[in-house]
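Worksheet: the structure to be examined is printed underneath.
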Amino acid sequence: SHSYVGPDYSVQKNTGKISLEQIDALSVKSFPLCMRQLHKALRDSHHLRHGGRMQYGLFLKGIGLTLEQALEFWKKEFIRGKVDADKFDKGYAYSIRHNYGKEGKRVDYTPYSCMKIIMSNPPSQGDYHGCPFRHSDPELLKQKLQSSKIPPSGITQILELVKGMHYQLACQKHFELTHDVDDIGFSLNHPNQYFTESQKLLNGGRELKKELSNSSNSQQRSNSQESMNSNSAPSSSNTTADAELEELEAYFTED
């Protein structure tokens with residue numbers, strides 16, 4: 001019974017709220033490692049094989065890309081590689097429309113949960129899909145974590161969890177370390193959940209650990225209290241958001 005029972009992230013209230021120009025910044029801030037890896041591979045090689053296109057394409061659909069945006073996003077990247085526009089339109093575009101329920105049986109496909117990514121279709125040579133905690137060689141995983149600016153002690157913790165086959169807990173620890181919180185307060189089981197929670201947190205849905213340990217924290221708290229009393233958001237929690245992402249992040253903090 002490995003079935004996932006949480007939200008399926010197929011019908012998004014945030015559809016169309018993300019611009020394609022924001023994806024690079026979001027991938028660094030708020031994508032789980034599996035999706036960051038796929039995004040980087042796509043940007044570097046201008047191509048992803050089928051398993052990667054499915055896993056990443058449905059994730060992007062789940063964070064709010066419309067069908068039109070998805071077609072533009074994939075086409076722009078693929079034609080920078082070895083695929084010409086005509087080949088894209090005749091082949092790849094069909095599978096993208098298919099993922100959005102516009103072709104074939106018109107099934108509206110849902111983004112993959114962690115369990116689905118971990119348990120099915122392991123990546124082979126030249127593939128970038130899968131779960132990095134489950135499918136990466138430990139040495140390669142260590143390098144990926146170092147490039148995420150995770151401290152050595154954190155990397156050791158993550159690798160211990162991986163050794164014990166606790167892949168989702170390893171990803172949860174990755175979230176805590178990259179967002180500088182002690183305890184995320186939820187059980188991580190879906191890449192789109194990772195994204196949504198990250199966006200909430202970056203926009204002050206939860207206070208960051210750094211702010212709490214700041215020597216002026218009592219001053220910040222009273223400032224925050226005053227701000228909340230006057231119904232405006234505390235400025236301290238907005239400093240982490242890039243101007244271009246503020247509107248989007250505000251949207252994710254809505255219930």
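The distance between the ring centers of Phe186 and Phe175 falls below 6.0 angstrom. A centroid separation of 6.0 Å or more is found between the aromatic rings of His46 and Phe78. The distance between the ring centers of Tyr56 and Tyr128 does not fall below 6.0 angstrom. The aromatic ring centroids of His98 and Tyr109 lie less than 6.0 Å from each other.
Here Ile150 contributes atom CD1 and Ser153 contributes atom OG; the two are 10.0 Å apart, rounded to the nearest 0.5 Å.
Taking the six-membered ring where tryptophan is involved, the planes of His190 and Tyr9 are tilted, since the angle between them lies from 30° to 60°.
Judged purely by atom type and a 3.5 angstrom limit, Thr156 uses its side chain to pair as donor or acceptor with the backbone of Pro152. Panel note: side chain Gln193, backbone Asn189; a donor-acceptor pair is recorded below 3.5 Å.
Proximity of Asn121 to Asp127: side-chain heavy atoms (C-beta onward) are nowhere separated by under 4.5 Å. Taking 4.5 Å as the limit, some side-chain heavy atom of Glu77 sits within range of a side-chain heavy atom of Arg80. Side chains of Phe133 and Leu145 form a contact here, defined as non-hydrogen atoms less than 4.5 Å apart. Contact annotation: the side chain of Ile155 never approaches that of Leu141 to less than 4.5 Å [non-hydrogen atoms, C-beta and beyond]. Residues Glu176 and Leu188 are not in side-chain contact: their nearest non-hydrogen atoms beyond the backbone lie 4.5 Å or more apart.
Met165 is connected to Leu159 through a chain of hydrophobic side-chain contacts under 4.5 Å among Ile, Leu, Val, Met, Phe, Trp and Tyr, so both are in one cluster.
For His174 and Tyr194, the side-chain atoms include at least one donor-acceptor pair closer than 3.5 Å.
Atom NZ of Lys144 has more than 12 neighbouring heavy atoms from other residues, nucleotides or ligands inside a 6.0 Å radius.
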Test salt bridge (charged side-chain N to carboxylate O under 4.0 Å, His left out) applied to Lys75 and Glu72, step by step | CA-CA 5 Å; Lys75 185 172 185 173; Glu72 184 187 341; over 6 Å; no
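The side chain to side chain contact (heavy atoms under 4.5 Å, CB included) test with Leu67 singles out one residue from Asn99, Ile96, Thr15, and that residue is Ile96.
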